[in-house]
Every structure is written in C-alpha cells, then in structure tokens.
Amino acid sequence: MTKKILSTALVVLLFFMTACTSYKTVPYMQNSAEVNLDSSAVLYDARIMPKDELTITVSSPDNPEAVQAFNLVVARTMASYNNYLTSQPTLQTYLVNNEGTINFPVLGTMKVEGMTVNQLEDEIANRIEASYLKMKPIVTVRLSNYKISVLGEVTSPGTYTVSSEKISIYGALAMAKDLTIWGRRDNVKLIREDENGKKSIHELNLNDADIINSPYYYLQQNDVIYVTPNKTKSKNSDIGSSTSYWVSSISILVSVASLVTNLLK
C-alpha cells in the first residue's frame with residue numbers, strides 16, 4: 001500500500017514540475033479596463049517601401065482610349081481547348097527600386113517611397129489631368145506583395161499574404177491559428193526592416209492591453225513575427241531527450257522506499 005502511495009506521489013510531482021503552465025501568462029490583454037484608447041483612434045495606412053510590387057490601373061469611363069498609354073499591359077500566352085494559342089493581356093506590376101522610385105508610362109520616373117496607396121493614386125491622377133486629359137481619370141493602386149511571416153510556437157507557421165494592406169499583430173497570429181500553449185505571450189518578437197534596409201527587433205507583450213497603443217501594433221509588409229517557447233516547453237524538451245533517465249530514477253526511488261518500508265516493519 002505504501003509503495004503504491006509513494007509511486008503515485010512521485011508521478012504527480014513530476015507531472016506538476018514539467019507540465020504546469022501558469023494561467024496568468026495565457027490570456028491576452030489582461031488589463032484592458034485600465035488602458036486609455038484615445039491615442040489609438042488613428043486609421044492605419046501602409047506606406048510604400050523599396051522592393052514593393054505595385055499594380056496600377058488608370059481608367060476613364062468617358063474616354064477609355066485616352067488612358068491606354070498609362071496602363072503597362074503585356075501579353076500572356078495561353079493554350080485553348082482546340083490547341084490554338086491565344087493572348088490574354090495582363091497588367092504588369094511595378095517594382096519599387098532601392099531609390100524608392102518607379103518608371104511610370106508617359107509620366108516617367110516617380111518618387112513613391114513613403115506614400116500611401118491613396119496618395120499615389122491622387123498624385124498620378126493629378127499629373128495626368130494637368131498635362132494630358134481635361135478630366136481626372138480613375139487611378140487604382142494596390143500592393144501586390146504585402147506579406148508577413150509568423151514563426152515559432154504557433155499552430156500554423158508560415159508566410160501569409162495580406163490582401164487588405166492592413167493587419168495587426170493579433171490578426172497575424174489569427175492567420176497562423178493562434179499561439180500554442182507553449183508560446184510566450186509576454187515576449188513575442190517582431191523583426192522589421194525599414195526603407196533603408198536597417199533591421200530591428202522589438203519585444204511585444206500580448207498580455208498587456210496597452211499594446212494597442214504601440215507603434216508596432218499594426219504590421220508592415222515583410223514583418224516577421226517570432227513566438228518564443230516558454231520554460232515548460234524547454235523543460236519538456238529536456239525530459240523528452242532523457243526519458244529513460246527519469247524512468248530509471250523513479251524506479252530506484254520507489255524500490256528504495258519499498259525496501260525502507262519493509263525494514264521498518
């Protein structure tokens with residue numbers, strides 16, 4: 001009976017030493033009632049950076065022929081069902097170079113770095129209206145390579161495309177199907193590269209609701225999120241590599257306890 005009790009006690013102790021995770025480290029935004037959200041009332045717009053790919057279309061319902069020269073169209077060859085080849089036009093993307101410029105048809109070199117897509121739309125439309133057309137055309141600009149990467153202790157790590165050109169840290173983690181129970185909520189690392197190529201690492205605490213006011217709450221294109229494992233995961237990793245050692249140790253302890261119990265009878 002004593003042997004069974006000792007065995008059970010040792011197993012329970014080992015379990016709590018290696019598998020317990022404090023509840024207070026799990027919930028997000030624990031102090032939400034204490035945070036002042038007035039400063040967060042700002043609409044976020046992504047800024048164009050070098051190496052961004054832009055899709056730009058110029059249209060005019062009243063005079064579509066007049067804006068054809070401003071659309072960079074290339075032919076894409078496709079095979080049809082009857083073995084004849086046909087050409088289907090497609091818009092070519094503009095790659096922002098290291099100087100932050102693009103070469104736009106007719107208008108020439110344009111400095112686009114630091115602009116939002118709406119600002120670039122207005123800039124192109126105003127230039128075309130001022131020099132080539134009597135009325136302002138419709139200009140649509142989209143970032144076609146807005147991607148973020150999520151790594152570490154998340155359910156589905158990977159690189160994700162953001163079609164809305166706006167995503168928060170929580171939105172990125174939602175795309176990766178949230179953190180695992182082993183991920184540290186209080187020390188998520190954001191790796192960012194600015195327009196000059198300088199890298200920086202920022203530590204974010206998802207448990208603190210004040211993260212909403214952080215300048216890193218919304219992600220930029222090509223940001224990398226890394227979720228570090230907690231101490232419990234590290235301990236379990238160590239135990240997993242030496243399982244036989246622990247099993248042998250527990251067996252020896254149980255045997256010694258049983259021997260001592262028999263001697264004392």
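All of these numbers come straight from a predicted model, not from anything done at the bench.
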Query raised in the report: Side chains of V224 and I148: closer than 4.5 Å at any heavy-atom pair?
Result: no
Requested in this report: Specify the closest pair of heavy atoms between N207 and N205, including all atoms of both residues, with the distance to one decimal.
Outcome: N-OD1, 3.0 Å
Query raised in the report: Which atom names give the shortest non-hydrogen contact between I48 and V112, and what distance separates them?
Result: CB-O, 3.6 Å
Report task. With the side chain counted from C-beta on, respond yes when V141 and T55 share a heavy-atom pair under 4.5 Å apart, and no when they do not. Result -> no
Query raised in the report: Can you tell if the side chain of M49 reaches within under 4.5 Å of the side chain of Q221, non-hydrogen atoms only?
Result: yes
Query raised in the report: Do you know the tightest heavy-atom contact between K147 and T161?
Result: CE-OG1, 3.6 Å
Query raised in the report: E153 side chain to N230 main-chain N or O, any donor-acceptor pair under 3.5 Å?
Result: no
Query raised in the report: Which pair of non-hydrogen atoms, one from P137 and one from A125, has the smallest distance, and what is that distance?
Result: CD-O, 3.7 Å
Query raised in the report: Do N196 side-chain atoms and K198 backbone N/O form a donor-acceptor pair below 3.5 Å?
Result: no
Query raised in the report: Short question: side chain of R142, backbone of T140 - any donor-acceptor pair under 3.5 Å?
Result: no
Query raised in the report: Just checking, is any N or O donor in the side chain of K51 or N222 under 3.5 Å from an acceptor N or O on the other one?
Result: no
Report summary line: Interatomic distance, CZ@R192 vs CD1@I225, rounded to 0.5 Å, equals 8.0 Å
Report task. Could you tell me the separation between the CG atom of L54 and the CG atom of D52, rounded to the nearest 0.5 Å? Result -> 6.0 Å
Query raised in the report: Under 4.5 Å between any side-chain heavy atoms of H202 and S200, yes or no?
Result: yes
Report task. Any chance you could measure Y226, atom OH, to S149, atom OG, to the nearest 0.5 Å? Result -> 14.0 Å
Query - Evaluation steps, side chain to side chain contact (heavy atoms under 4.5 Å, CB included), between V67 and N63 - result: CA-CA 7 Å; V67 297; N63 193 359; over 6 Å; no
**Report entry** N145 side chain to E53 backbone, donor-acceptor under 3.5 Å
**Finding:** yes
Report task. Give a yes or no answer on whether the side chain of N187 reaches the backbone of R184 with a donor-acceptor pair at less than 3.5 Å. Result -> no
Query raised in the report: Looking only at heavy atoms, what is the nearest atom pair of P105 and L72, with distance?
Result: CG-CB, 4.2 Å
Query - Short side-chain to backbone donor-acceptor contact, N97 and G100, under 3.5 Å - result: yes
Query raised in the report: Checking side chain to side chain donor-acceptor pair (under 3.5 Å) for the pair T93/S144: CA distance, chi angles, key distance, verdict?
Result: CA-CA 8 Å; T93 58; S144 58; 5.2 Å; no
Query - Transitive ILVMFWY side-chain link V150 to L179, under 4.5 Å - result: yes
**Report entry** In one Ile/Leu/Val/Met/Phe/Trp/Tyr side-chain cluster, 4.5 Å: Y216, V162
**Finding:** yes
**Report entry** Inter-residue atom distance M110.CE - E123.CD, 0.5 Å rounding
**Finding:** 5.0 Å
**Report entry** D45 vs V117 side-chain heavy atoms within contact, under 4.5 Å
**Finding:** no
Query raised in the report: Heavy-atom distance under 4.5 Å between the side chains of V58 and I138, does that happen here?
Result: no
Query - Any pair counted as ring pair (Phe, Tyr, Trp, His ring centres under 6.0 Å), so long as it reaches residues 92-148, sequence neighbours left out - result: F70-Y132, Y94-F104
**Report entry** Check: E203 and V188 side chains under 4.5 Å, non-hydrogen atoms
**Finding:** no
Report task. Determine whether L95 and I102 make a side-chain contact, defined as any pair of heavy atoms from C-beta on separated by less than 4.5 Å. Result -> no
Query raised in the report: Looking only at atom types and distance, does a side-chain atom of T101 sit under 3.5 Å from a main-chain N or O of K111, one as donor and one as acceptor?
Result: no
**Report entry** Spatial distance of atom CD1 (I191) from atom CG (D223) [nearest 0.5 Å]
**Finding:** 9.5 Å
**Report entry** Co-membership, hydrophobic cluster, residues M135 and V106, 4.5 Å side-chain
**Finding:** no
Query - Short side-chain donor-acceptor distance under 3.5 Å, K136 and N126 - result: yes
Query raised in the report: About how many Å separate OG1 of T228 and CG of L151, when rounded to the nearest 0.5 Å?
Result: 12.0 Å
Report task. Would you kindly confirm whether V139 and M115 end up in one hydrophobic cluster when ILVMFWY residues are joined by side chain heavy atoms under 4.5 Å apart? Result -> yes
Please list, one pair per line, the donor and acceptor atoms closer than 3.5 Å that link side chains of residues 165-175 to other protein atoms, with sequence neighbours excluded.
residue : atom : partner : partner atom : Å
E165    : OE2  : L143    : N            : 2.8
S168    : OG   : Y170    : N            : 3.4
S168    : OG   : G171    : N            : 3.1
Y170    : OH   : L206    : O            : 3.0

**Report entry** Main-chain N/O of T116 paired with Q119 side-chain donor or acceptor, under 3.5 Å
**Finding:** yes
